[in-house]
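Structure first, then comments.
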Amino acid sequence: MRVTVNGKTMEVAENTSLWGFILLCKIKPETVIIELNERVIRRNIWTETVLMEGDRIELVTFVGGG
């Protein structure tokens, strides 16, 4: 199925959770905030939040430095 990630279309398997998506993208979970359809999703429900066809995901990552 297709989802939009930071404005780009991406294919993911059916029943992919946000947690599975983060692992698929090889993103360190502690460095990202996820918006799903314009709502921030708390980290403690990533495993139970299943992506649906057409979902819009925004990934906001933190970068260290000064």
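Every heavy atom of this structure was used, including side-chain atoms; hydrogens, water molecules and symmetry mates were not.
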Same apolar cluster: Met10 and Trp19, side chain cutoff 4.5 Å: yes
Shared hydrophobic cluster, Phe21 / Val50 (ILVMFWY, side-chain heavy atoms < 4.5 Å): no
Glu58 side chain vs Leu36 backbone, donor-acceptor pair below 3.5 Å: no
Distance-minimising heavy-atom pair for Leu59 and Ile27: CD1-CD1, 3.6 Å
Leu24 and Thr16, any side-chain heavy atoms less than 4.5 Å apart: no
Between CD on residue Glu35 and CD1 on residue Ile41, distance to nearest 0.5 Å: 9.0 Å
Cluster check Ile34, Val40: I/L/V/M/F/W/Y, side chain < 4.5 angstrom: no
Within one Ile-Leu-Val-Met-Phe-Trp-Tyr cluster: Met52 and Ile45, side-chain cutoff 4.5 Å: no
Cluster overlap Leu18 with Met1, hydrophobic side-chain contacts below 4.5 Å: yes
Ionic contact status for Arg2 with Glu53, cut-off 4.0 Å: no
Closest heavy-atom pair and its distance - Ile22, Pro29: CG2-CG, 4.1 Å
Side-chain donor or acceptor of Asp55 paired with backbone N/O of Val3 under 3.5 Å: no
